[in-house]
Amino acid sequence: MAGQIPDLNVEIRTGTGKGAARQARRDGMVPGVVYGGDAEPQAIQIPFNVLLKKLKDGQFLSTLFNLKIEGQEDVRVICRNVQRHVVKDLPTHLDLLRLKRTSKISLFIPVEFINEEEAPGIKKGGVLTVVRNEVELNVTAGNIPEKIIVDMAGANVGDTFTISGVELPEGAKPTIDRDFVIGNLSAPSALRSEDDDADGEATEAEAAEAPAEEAAAEE
């Protein structure tokens with residue numbers, strides 16, 4: 001299950017339209033709007049530096065927030081769009097969507113591999129190759145997993161970890177409609193090199209034996 005949902009503190013923006021938005025930017029704020037749910041759209045604004053930091057932290061567009069506005073009840077929201085300056089690439093406007101606990105949303109959930117020390121393949125020198133650091137899931141807003149757990153206990157060299165082998169929370173479903181690889185346990189690079197060398201030597205030996213076999217057949 002997800003951990004504590006982070007707060008997103010915003011202010012009510014007085015006035016709408018381009019003029020009010022320009023004034024908000026001059027005041028060091030980024031204008032925005034909250035829409036959806038059972039309420040009317042509401043004009044809001046957030047300090048520019050606060051929003052910029054959250055954007056730099058990553059996953060802003062796939063994070064569920066607890067929206068806090070003074071004098072109003074908290075509501076869960078997710079950002080559906082951040083408009084940016086065409087030249088400076090800095091945020092100029094954001095759209096927040098209200099969600100109910102039963103609302104379905106698509107979020108990227110991080111993947112964590114556990115029990116590597118209990119994997120025989122790792123003890124033999126095998127290497128874990130992570131194919132996907134996160135997986136997009138369709139989940140309910142009230143039941144969002146904090147992470148996807150891949151248990152490596154008992155895994156051997158050559159084993160592959162797919163989404164079908166992961167236990168997901170009730171109601172969660174990958175947005176990709178097929179079984180796909182999350183990671184795999186491959187042989188050590190040194191062992192692969194030895195195998196490649198052995199294959200090469202075998203090929204050379206077979207090539208050298210071929211003329212002798214042809215000559216024997218002609219006799």
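Note that the numbering runs from 1 along the sequence shown for the chain. Atoms considered below: every heavy atom in the structure, side chains included; atoms not considered: hydrogens, waters and symmetry mates. Please read all numbers here as calculations on a predicted model, not as lab measurements.
- Applying the side chain to side chain donor-acceptor pair (under 3.5 Å) test to Asn66 and every residue at least two apart in sequence or in another chain returns Asp7, Asp74.
- Of all heavy-atom pairs between Arg13 and Pro31, the closest is NE-CB, 3.6 Å.
- Counting non-hydrogen atoms of neighbouring residues, nucleotides and ligands closer than 6.0 angstrom, the CD atom of Glu170 reaches no more than 12 such neighbours.
- From Ile46, atom CD1 reaches atom CG of Leu51 across 5.0 Å, with rounding to the nearest 0.5 Å.
- Taking the side chain as every heavy atom from C-beta outward, Asp151 and Glu118 never approach each other to under 4.5 Å.
- Judged by distance alone, the side chain of Arg76 and the main-chain N or O of Ala141 form a donor-acceptor pair under 3.5 Å.
- In the hydrophobic clustering of this structure, Val10 does not group with Tyr35; members are Ile, Leu, Val, Met, Phe, Trp, Tyr whose side-chain heavy atoms approach within less than 4.5 Å, directly or through other members.
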TODO: Could you walk me through whether Ile176 and Glu136 pass the side chain to side chain contact (heavy atoms under 4.5 Å, CB included) test, one step at a time?
DONE: CA-CA 8 Å; Ile176 300 176; Glu136 188 177 24; over 6 Å; no
Open item on the list: Pair Leu67, Arg98 - check side chain to side chain contact (heavy atoms under 4.5 Å, CB included), show working.
Closed with: CA-CA 9 Å; Leu67 187 70; Arg98 298 187 189 96; over 6 Å; no
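- When the shell of 6.0 Å around CZ of Arg22 is examined, it contains 12 or fewer heavy atoms from other residues, nucleotides or ligands.
- Looking at Lys54, Lys53, Gln59 one by one, the single match for side-chain hydrogen bond (donor to acceptor under 3.5 Å, both in side chains) with Asp57 turns out to be Lys53.
- When all heavy atoms are compared, the tightest approach of Gly154 to Asp159 is O-OD2, 4.3 Å.
- Criterion: ILVMFWY side-chain heavy atoms under 4.5 Å apart, direct or through other members. Under it, Val82 and Leu96 are part of a common hydrophobic cluster.
- At least one side-chain heavy atom of Leu99 sits under 4.5 Å from a side-chain heavy atom of Leu97.
- Side-chain contact between Val166 and Ile149: absent, with no pair of heavy atoms (C-beta onward) separated by less than 4.5 Å.
- Between the side chain of Arg132 and the backbone N or O of Val111, no donor-acceptor pair lies under 3.5 Å.
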Task: Audit row: Glu117, Ile122, side chain to side chain contact (heavy atoms under 4.5 Å, CB included) steps and yes/no - done: CA-CA 7 Å; Glu117 68 281 0; Ile122 293 292; over 6 Å; no
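- Other residues, nucleotides and ligands contribute more than 12 heavy atoms inside 6.0 Å of the CG atom of Asp179.
- Taking both residues in full, the closest heavy atoms of Leu64 and Pro6 are given as O-CD, 3.5 Å, listed atom of the first, atom of the second, then distance.
- No continuous path of hydrophobic side-chain contacts links Val33 to Val50 [ILVMFWY only; heavy atoms under 4.5 Å].
- Under the 4.5 Å side-chain heavy-atom criterion for ILVMFWY residues, a single connected hydrophobic cluster contains both Leu61 and Val75.
- The side-chain heavy atoms of Pro91 and Gln83, taken from C-beta on, include no pair separated by under 4.5 Å.
- Rounding to the nearest 0.5 Å places CD of Gln72 at 11.0 Å from CD1 of Ile44.
- To the nearest 0.5 angstrom, Leu107 atom CG is 10.5 Å from Thr175 atom OG1.
- Atom CG of Leu94 sits about 11.0 Å away from atom CD of Gln45, to the nearest 0.5 Å.
- At least one side-chain heavy atom of Ile105 sits less than 4.5 Å from a side-chain heavy atom of Ile144.
- Using a distance-only test at 3.5 Å, with no hydrogens or angles considered, a donor-acceptor pair links the side chain of Ser186 to the main chain of Val127.
- Considering only heavy atoms from C-beta on, Leu185 stays 4.5 Å or farther from Lys124 through its side chain.
- Rounded to the nearest 0.5 Å, atoms CG (Leu90) and CZ (Arg84) are 7.5 Å apart.
- Between Phe65 and Phe60, the angle of the ring planes lies from 30° to 60°, which puts this pair in the tilted group.
- Atoms CG and NZ, on Asn9 and Lys68 in that order, are 6.5 Å from each other to the nearest 0.5 Å.
- Taking 4.5 Å as the limit, every side-chain heavy atom of Thr162 sits out of range of all side-chain heavy atoms of Phe180.
- In this structure, Met152 and Leu128 approach most closely via the heavy-atom pair SD-CD2, 3.8 Å.
- In this structure, Phe161 and Ala155 approach most closely via the heavy-atom pair CZ-CB, 3.8 Å.
- The side-chain heavy atoms of Pro145 and Val139, taken from C-beta on, include a pair separated by under 4.5 Å.
- With hydrophobic clusters built from ILVMFWY side chains whose heavy atoms lie under 4.5 angstrom apart, Val150 shares a cluster with Val130.
- Across His93 and Val30, no two heavy atoms sit closer than the pair N-CG1, 3.6 Å.
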- [ ] Would you sort out whether Thr140 and Lys104 count as a side chain to side chain contact (heavy atoms under 4.5 Å, CB included), showing the intermediate values?
- [x] CA-CA 4 Å; Thr140 55; Lys104 284 284 188 178; 3.6 Å; yes
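- In this structure Gln23 satisfies the side chain to side chain donor-acceptor pair (under 3.5 Å) test together with Arg26, Asp27, sequence neighbours excluded.
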